[in-house]
Participant: 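Pasting in a structure now, in structure tokens, and then I'll have a few things to ask.
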Amino acid sequence: MQTKLFQLESPNGTIRGKLVDCGSSSSWVLMACGHNGFYHFGMFPTIQESLAASGISSVAFNYTHCGISDDGDYFDDLESYKANSRRLEVEDLTFMAQKMMSGEWISPPAQVFLFGHSMGGFSAAFASRQIQKSGIALSGIILLNSLRTLNTRTPEIMEEWQKNGVYFRPNMRTRQELPQGPEFLAETLASDTTWNMQPLIENMEIPCFVAHAVDDEAVPFEHGRTIFSWVYKNNLKNAFLPVPQAGHTLNTTHPMKRDSEELQFFCRQVVDWIEKI
């Protein structure tokens, strides 16, 4: 097994991340972090370790416009953060999938799975379409505590956002006011048309594993249950996993202070699902 940090230059900017390579015959998981996440956020390294323990390789990375300009965990590039959007995240995920399959970076995997947490699940779902259009066959997608829609803001917030072109959302961990920019606003306003997840999921044919924490305080459980209701008939390998007594990060924090039974339960179920595909 080989573990290394990497830095790649993409059309949208610099991508940093962590690669865990379990060998040329292994399956690979391309991991998409959530809004305000990053490749080494909280539970992500533990998920990579759990996958590797079962011989599954993985890549976790920072989006080009995540607002973190190094390998740290503080948002030090707020202009980049403000410019971030689901469009850019889909492009970054597609770039990473193409890089993985090019043979220039790693041996082209026989199986590639997408994994998305929270907003990353939303972006990963849209990226799955673009990746497959580019000629890459995906073996499946894993959605953990994923949003079912971008339309989650209150009318008051939307009014302020449209009036000012930016909405400052407090981040409790860093104590920063993080700017949500105009392209993200436009995508939110298009949540019933261009950025409507429902028809995309309803037409998804690849195996889909949907997991959602029952007590998720950030993205309510109904999001996951609804997503699975859209996709469950499409493939006999589709699965839904409620995670009882767990919150949005499966009872972990950043920095990671301790593992959790809920995270390990999720990891075991994901590994078992991947091995059966």
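All of these numbers come straight from a predicted model, not from anything done at the bench.
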Participant: Just wondering, more than 12 heavy atoms not from E222 lying within 6.0 Å of its CD?
Facilitator: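 Yes, the 6.0 Å shell around CD holds more than 12 heavy atoms from other groups.
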Participant: Is T253 reaching over with its side chain to a backbone N or O of M256, donor-acceptor style, under 3.5 angstrom?
Facilitator: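 Between the backbone of M256 and the side chain of T253 there is no qualifying donor-acceptor contact (under 3.5 Å).
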Participant: Parallel, tilted or perpendicular: which fits the ring planes of F115 and F266, with parallel below 30° and perpendicular above 60°?
Facilitator: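 Taking F266 first and then F115, their aromatic rings sit tilted (interplane angle of 30° to 60°).
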Participant: Between F184 and H35, is the ring centroid distance below 6.0 Å?
Facilitator: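 Ring centres of H35 and F184 closer than 6.0 Å.
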Participant: Going through the checks in order, is the side chain to side chain contact (heavy atoms under 4.5 Å, CB included) test met by Y81 and I68?
Facilitator: CA-CA 8 Å; Y81 180 98; I68 297 175; over 6 Å; no
Participant: I'd like to know if the side chain of D71 pairs up with that of Y39 as donor and acceptor (distance under 3.5 Å, no hydrogens or angles considered).
Facilitator: yes
Participant: How close do T152 and T149 get, heavy atom to heavy atom, and via which atoms?
Facilitator: CG2-O, 3.5 Å
Participant: Please indicate whether E159 has more than 12 foreign heavy atoms, meaning atoms of other residues, nucleotides or ligands, lying under 6.0 Å from its CD.
Facilitator: no
Participant: Taking a hydrophobic cluster as the set of Ile, Leu, Val, Met, Phe, Trp and Tyr residues connected by side-chain heavy atoms closer than 4.5 Å, whether directly or through intermediates, do L144 and L147 fall within one such cluster?
Facilitator: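 No; tracing contacts between hydrophobic side chains, which count when under 4.5 Å, never links both residues.
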Participant: Backbone N or O of S57 within a donor-acceptor pair of the D21 side chain at under 3.5 Å?
Facilitator: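 Not at all, since once roles are kept as given, no pair shorter than 3.5 Å links the two residues.
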Participant: I'd like to know if E177 and R169 make a salt bridge, using a cut-off of under 4.0 Å between side-chain N and carboxylate O.
Facilitator: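 No salt bridge links E177 with R169.
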Participant: Do you see a donor-acceptor pair shorter than 3.5 Å between the side chains of Q130 and T94?
Facilitator: no
Participant: Are any side-chain N or O atoms of D92 and backbone N or O atoms of T64, one a donor and one an acceptor, separated by less than 3.5 Å?
Facilitator: yes
Participant: Got Q48 and T3 here, is their nearest side-chain heavy-atom distance under 4.5 Å?
Facilitator: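 Side chain of Q48 against side chain of T3, heavy atoms only: no contact under 4.5 Å found.
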Participant: Checking H254 against F44 for the ring pair (Phe, Tyr, Trp, His ring centres under 6.0 Å) test, could you report, in this order, the C-alpha distance in whole Å, the side-chain angles of both residues, the deciding distance, and whether it holds?
Facilitator: CA-CA 10 Å; H254 181 86; F44 265 48; over 10 Å; no
Participant: Check this for me: does any side-chain nitrogen of one of R87 and E183 sit under 4.0 Å from a carboxylate oxygen of the other?
Facilitator: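 So R87 pairs with E183 through a salt bridge.
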Participant: If you round to the nearest 0.5 Å, how far is CE of M119 from OH of Y63?
Facilitator: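 Output value for this atom pair is 9.5 Å.
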Participant: If you take all heavy atoms of P244 and P242, which pair is closest and at what distance?
Facilitator: CD-O, 3.3 Å
Participant: Report the C-alpha separation of I15 and N62 in whole Å, then their side-chain angles, then the decisive distance to 0.1 Å, and conclude whether the side chain to side chain contact (heavy atoms under 4.5 Å, CB included) test is met.
Facilitator: CA-CA 6 Å; I15 291 177; N62 286 357; 6.0 Å; no
Participant: Report the distance from atom NZ of K133 to atom OG of S128, rounding to the nearest 0.5 Å.
Facilitator: 10.5 Å
Participant: Side chains of M43 and D259, heavy atoms from C-beta outward: is any pair under 4.5 Å?
Facilitator: no
Participant: Are W195 and I227 grouped together when hydrophobic residues (ILVMFWY) are joined by side-chain heavy atoms under 4.5 angstrom apart?
Facilitator: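 The answer is yes; both residues are in one hydrophobic cluster.
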Participant: If every non-hydrogen atom of G37 is compared with every non-hydrogen atom of C66, which pair is closest and at what distance?
Facilitator: O-CB, 4.5 Å
Participant: Please answer: with hydrophobic residues joined when any side-chain heavy atoms are less than 4.5 Å apart, are F41 and V243 in the same cluster?
Facilitator: no
Participant: Hey, does Y74 have a side-chain heavy atom less than 4.5 Å from the side chain of Q176?
Facilitator: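 When only atoms from C-beta onward are counted, Y74 and Q176 do touch, with a gap below 4.5 Å.
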Participant: Is there a side-chain contact between L19 and W105 in this structure, where contact means two heavy atoms from C-beta onward sitting under 4.5 Å apart?
Facilitator: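 The answer is yes, as the side chains (C-beta and beyond) meet within the 4.5 Å cut-off.
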Participant: Within a radius of less than 6.0 Å around CD of E205, do more than 12 heavy atoms belonging to other residues, nucleotides or ligands occur?
Facilitator: no
Participant: What closest approach, in Å, do G181 and W161 show between heavy atoms, and which atom pair accounts for it?
Facilitator: O-NE1, 3.3 Å
Participant: Donor-acceptor check, side chain of N251 to backbone of G247, threshold 3.5 angstrom: yes or no?
Facilitator: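 A pair under 3.5 Å: yes.
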Participant: Below 4.0 angstrom, N of the basic side chain to O of the carboxylate: do E160 and K163 qualify?
Facilitator: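 Salt bridge flag = no for K163 with E160.
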Participant: Keeping the roles fixed (side chain from S260, backbone from L250), state whether a donor-acceptor pair exists under 3.5 Å.
Facilitator: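 Answer holds: yes.
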Participant: Are M158 and Y167 side-chain neighbours, meaning at least one heavy-atom pair lies under 4.5 Å?
Facilitator: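 No - every pair of side-chain heavy atoms lies 4.5 Å or more apart.
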Participant: Hydrophobic clusters here meaning ILVMFWY residues chained together by side-chain heavy-atom distances under 4.5 Å, can you tell me if I47 and V271 are in one?
Facilitator: yes
Participant: Between atom OG of S26 and atom CE of M1, what is the distance when rounded to the nearest 0.5 Å?
Facilitator: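 Rounded to the nearest 0.5 Å, the OG-CE separation comes out at 11.0 Å.
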Participant: Do T14 and Q7 touch side chain to side chain, with heavy atoms closer than 4.5 Å?
Facilitator: yes
Participant: Can a salt bridge be assigned to the pair R268 and D272 using a cut-off of 4.0 Å between side-chain N and carboxylate O?
Facilitator: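 Salt bridge: no.
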Participant: Please check this pair: side chain of S134 against backbone of I131, looking for a donor-acceptor N/O pair closer than 3.5 Å.
Facilitator: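 Yes.
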Participant: For W230 and N203, indicate whether the former's side chain and the latter's backbone hold a donor-acceptor pair under 3.5 Å.
Facilitator: no
Participant: Does the side chain to side chain contact (heavy atoms under 4.5 Å, CB included) test come out yes or no for H117 and C33, once each step is laid out?
Facilitator: CA-CA 6 Å; H117 172 243; C33 58; over 6 Å; no
Participant: Using the six-membered ring wherever Trp is involved, compare the ring planes of F122 and F126 and label them parallel, tilted or perpendicular (cut-offs 30° and 60°).
Facilitator: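 Aromatic pair F122/F126 classed tilted.
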Participant: To the nearest 0.5 angstrom, please state how far the NZ atom of K233 sits from the CD atom of E202.
Facilitator: 10.5 Å
Participant: Say you draw a straight line from OG of S191 to CG of L150; how long is it, rounded to the nearest 0.5 Å?
Facilitator: 6.0 Å
Participant: Counting only heavy atoms from other residues, nucleotides and ligands, does the tally under 6.0 Å from OH of Y232 exceed 12?
Facilitator: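 Not more than 12 within 6.0 Å, no.
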Participant: Please confirm whether the backbone N or O of G120 pairs with a side-chain atom of S118, one donor and one acceptor, at under 3.5 Å?
Facilitator: no
Participant: Apply side-chain hydrogen bond (donor to acceptor under 3.5 Å, both in side chains) to residues T194 and E187 and explain how you reach the verdict.
Facilitator: CA-CA 8 Å; T194 308; E187 291 170 345; over 6 Å; no
Participant: If you look at every heavy atom in P11 and F95, which pair is closest and at what distance?
Facilitator: CD-CD1, 3.8 Å
Participant: Picking from V20, V59, I56, what satisfies side-chain contact (heavy atoms from CB on, under 4.5 Å) with V29?
Facilitator: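 In the set V20, V59, I56, the residue that makes a side-chain contact (heavy atoms from CB on, under 4.5 Å) with V29 is I56.
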Participant: Can you classify the ring geometry of H212 versus H223 as parallel (below 30°), tilted (30 to 60°) or perpendicular (above 60°)?
Facilitator: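 It falls in the parallel class, under 30°.
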Participant: For L143, is there any backbone N or O sitting under 3.5 Å from a side-chain donor or acceptor partner on S146?
Facilitator: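 Judged by distance alone, no pair lies under 3.5 Å.
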Participant: Between S123 and V90, is there a donor-acceptor pair closer than 3.5 Å when you use the side chain of the first and the backbone of the second?
Facilitator: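 Absent.
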Participant: Can you give me the closest heavy-atom contact between N238 and I206, atom names plus distance?
Facilitator: OD1-O, 3.8 Å
Participant: With the side chain counted from C-beta on, respond yes when F240 and R225 share a heavy-atom pair under 4.5 Å apart, and no when they do not.
Facilitator: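 Yes; the side chains approach each other to less than 4.5 Å.
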Participant: Is M31 reachable from L93 through a run of I, L, V, M, F, W or Y residues, each pair having side-chain heavy atoms under 4.5 Å apart?
Facilitator: no
Participant: Please determine whether salt bridge (charged side-chain N to carboxylate O under 4.0 Å, His left out) holds for the pair E89 and R86, giving the CA-CA distance in whole Å, both sets of side-chain angles, and the decisive distance to 0.1 Å.
Facilitator: CA-CA 5 Å; E89 292 178 356; R86 309 296 72 75; 3.0 Å; yes
Participant: So do the side chains of Q162 and L189 get within less than 4.5 Å of each other, counting heavy atoms only?
Facilitator: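 Q162 reaches L189 side chain to side chain.
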Participant: What orientation do F38 and F75 show, parallel under 30°, tilted 30 to 60°, or perpendicular over 60°?
Facilitator: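 Perpendicular: the ring planes of F38 and F75 meet at over 60°.
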Participant: For atom CD of E261, decide whether the heavy atoms of other residues, nucleotides or ligands shown that lie under 6.0 angstrom number more than 12.
Facilitator: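 Count not over threshold, so no.
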Participant: Quick one, T46 with T252, criterion side chain to side chain contact (heavy atoms under 4.5 Å, CB included). Give me CA distance, side-chain angles, the key distance, then yes/no.
Facilitator: CA-CA 10 Å; T46 301; T252 65; over 6 Å; no
